[in-house]
Number of protein chains: 2
Amino acid sequence: MDKINLGLGAPRYQQLAQAIADSISRGEYPVGSLLPGEEDLCRQFNFSRFTVREALRHLQETGLVTRRQGIGTTVIASTPTRKFGHMIESIDQLQQYASETRLIDHVFEDVVADEELAAELGTTPGMKFLRITALRVGADESKPVAWTRIHLAAIYAGVRSSLADHSGAIGSLVEKLYDQKITAIRQTVSATAIDEAVAEMLDVPPGSPGLRIDRTYAGHDGIPFEFATSIHPGPRFSLSMQLDWMSPG
Amino acid sequence: MDKINLGLGAPRYQQLAQAIADSISRGEYPVGSLLPGEEDLCRQFNFSRFTVREALRHLQETGLVTRRQGIGTTVIASTPTRKFGHMIESIDQLQQYASETRLIDHVFEDVVADEELAAELGTTPGMKFLRITALRVGADESKPVAWTRIHLAAIYAGVRSSLADHSGAIGSLVEKLYDQKITAIRQTVSATAIDEAVAEMLDVPPGSPGLRIDRTYAGHDGIPFEFATSIHPGPRFSLSMQLDWMSPG
DNA sequence: AAGTGGTCTAGACCACTCT
DNA sequence: GAGTGGTCTAGACCACTTT
């Protein structure tokens, strides 16, 4: 019954992995040091190289060591780190609602970042953008769920013509049209008092609380190409996520 | 130079993995079907079993198949899913600020969930809790960064005595004292108007916008044992996270 | 009993890194 | 050139699931 029993009955490579992990956590092999070579470990424990490599693979998967050809096996952590993770499988899933909503009333502007805008977006002045300001509404087009303003690098200004038909996030539209792959998203959530102009469009009293979400999307080069700000009326929206424990192995 | 070239020069197991992945995406092996057995694949491609298994391991890691002893290799996806993930390595990291802040002015209450509270927390009426209401302040004890109310399953009421000394999240205190391991966290973020009582404690005008974060912590049995609500004054707080692309393999 | 994947051995050659 | 990890073979036994 008990799977705790890692000593007997367990495969040799697991026992070996456990033994090495224990040595590491005892400080026998400090972080940064090299483990003995595979041949050494084979002789030391009288196991075949397959078994030793399987054990080392296990240690690699739990994040205790890295392995490099020509160098050796380096200890990079003394304890398996317990990780929690939130995982999504598409960009649209980030905006949980995006697939069921559309953008309406777009206003397009061509802007060049001055000092102020550059500082706000975290870029350098002089960068050219297509600025899209719009409302996001549900299928029934009743009350809008968000006001949104997007600064999109001018190279991708071509999304403009496809925007009306597209339901979902703009990032995924860019991916589709330009074969650009998003590799990192940074998201900041804060609370704000909705200013008068936005309040009117969202049909809420000015100054009422709103959830502000700022997202930047970066491509394969790591450079952000899209900066999106959404303001959601307080009671009409919340952002949920679940973080699950990721077992080491 | 080009690493795109997966055909020649690449190890056989990678070529094989690619070939099988192609077959799967072409629909030759639909989702839910079984791949040929390892021996079959060996004969079919004239590779050793090691090479075949290494290829299948690769497919498993990319999430295309699962393998079970006695059953076979089952196709579970036709395309490698592109995942984005947010990963943290400790509970305290979730509350990015928690390690530099402390709770003050605790008020403890023993409460039993009535219909209303049970509905709010998503539990069943009759469950017993220790309710902790407190303010979270920075090191200099100037303006508080949050008002917080926690409902903690009564079994863990013993944290009460250790709370004053503890900086960081309450969840990690429970983990330490009771050897309980948190395995899942659910977090919901919304904007709210700060009510009068809380506003006074936070030293902001009543009705001003606040960021409300609700978190539930579940243990190894998957049952939530802690329900925490924090309200942060709008301008004094934001929640950031980065989602990175997790390459398949 | 037959078939599957899981573990394991002994031995080989290769690509890489360092000196 | 010596040592490292990466790839690969041929063969074996075992644990598990289904028939």
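In the text below, chain A, chain B and the rest are named by the order of the sequence lines, each starting its count at 1. Everything quoted here is computed from the prediction, not taken from an experiment.
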Student: Taking it one step at a time, do A:Leu117 and A:Arg131 satisfy side-chain contact (heavy atoms from CB on, under 4.5 Å)?
Tutor: CA-CA 12 Å; A:Leu117 182 60; A:Arg131 176 192 284 165; 4.2 Å; yes
Student: Check every nucleotide of DNA chain C for an atom under 4.0 Å from a heavy-atom of chain A, then give the first and the last such nucleotide from 5' to 3'.
Tutor: C:dT7 to C:dC18
Student: Looking at DNA chain C, which of residues 31-43 of chain A put a heavy atom within less than 4.0 Å of it?
Tutor: none
Student: In terms of the nearest nucleotide of DNA chain D, which residue is placed more toward the 5' end: B:Asn46 or A:Gln60?
Tutor: A:Gln60
Student: Could you tell me whether A:Phe227 and A:Phe129 have their ring centroids closer than 6.0 angstrom?
Tutor: yes
Student: Under the ring-ring contact (aromatic ring centres under 6.0 Å, His included) test, which residues partner B:Tyr178, sequence neighbours left out?
Tutor: B:Tyr156
Student: Just to verify, what does A:Arg160 make a salt bridge (charged side-chain N to carboxylate O under 4.0 Å, His left out) with, not counting sequence neighbours?
Tutor: none
Student: Of all of residues 68-79 of chain A, which get a heavy atom below 4.0 angstrom from DNA chain D, listed by number?
Tutor: A:Arg68, A:Gln69, A:Gly70, A:Ile71, A:Gly72, A:Thr73
Student: What is the nucleic acid contact for A:Arg12, judged by heavy atoms within less than 4.0 Å: base, sugar-phosphate only, or nothing?
Tutor: sugar-phosphate
Student: Rounded to the nearest 0.5 Å, what separates atom CZ in B:Arg212 from atom OG1 in B:Thr188?
Tutor: 9.5 Å
Student: If you measure from CD on B:Gln18 to CG on B:Asp22, what distance do you get to the nearest 0.5 Å?
Tutor: 4.5 Å
Student: Atom NZ of residue position B:Lys181 - does it have more than 12 heavy atoms of other residues, nucleotides or ligands inside 6.0 Å?
Tutor: yes
Student: Looking at CZ of B:Phe225 and CE of B:Met127, how far apart are the two atoms once the value is rounded to the nearest 0.5 Å?
Tutor: 10.0 Å
Student: List for me each residue that meets ring-ring contact (aromatic ring centres under 6.0 Å, His included) alongside B:Tyr217, sequence neighbours excluded, and say none if there are none.
Tutor: none
Student: Just wondering, do B:Thr74 and B:Arg68 contact through their side chains at under 4.5 Å, heavy atoms?
Tutor: no
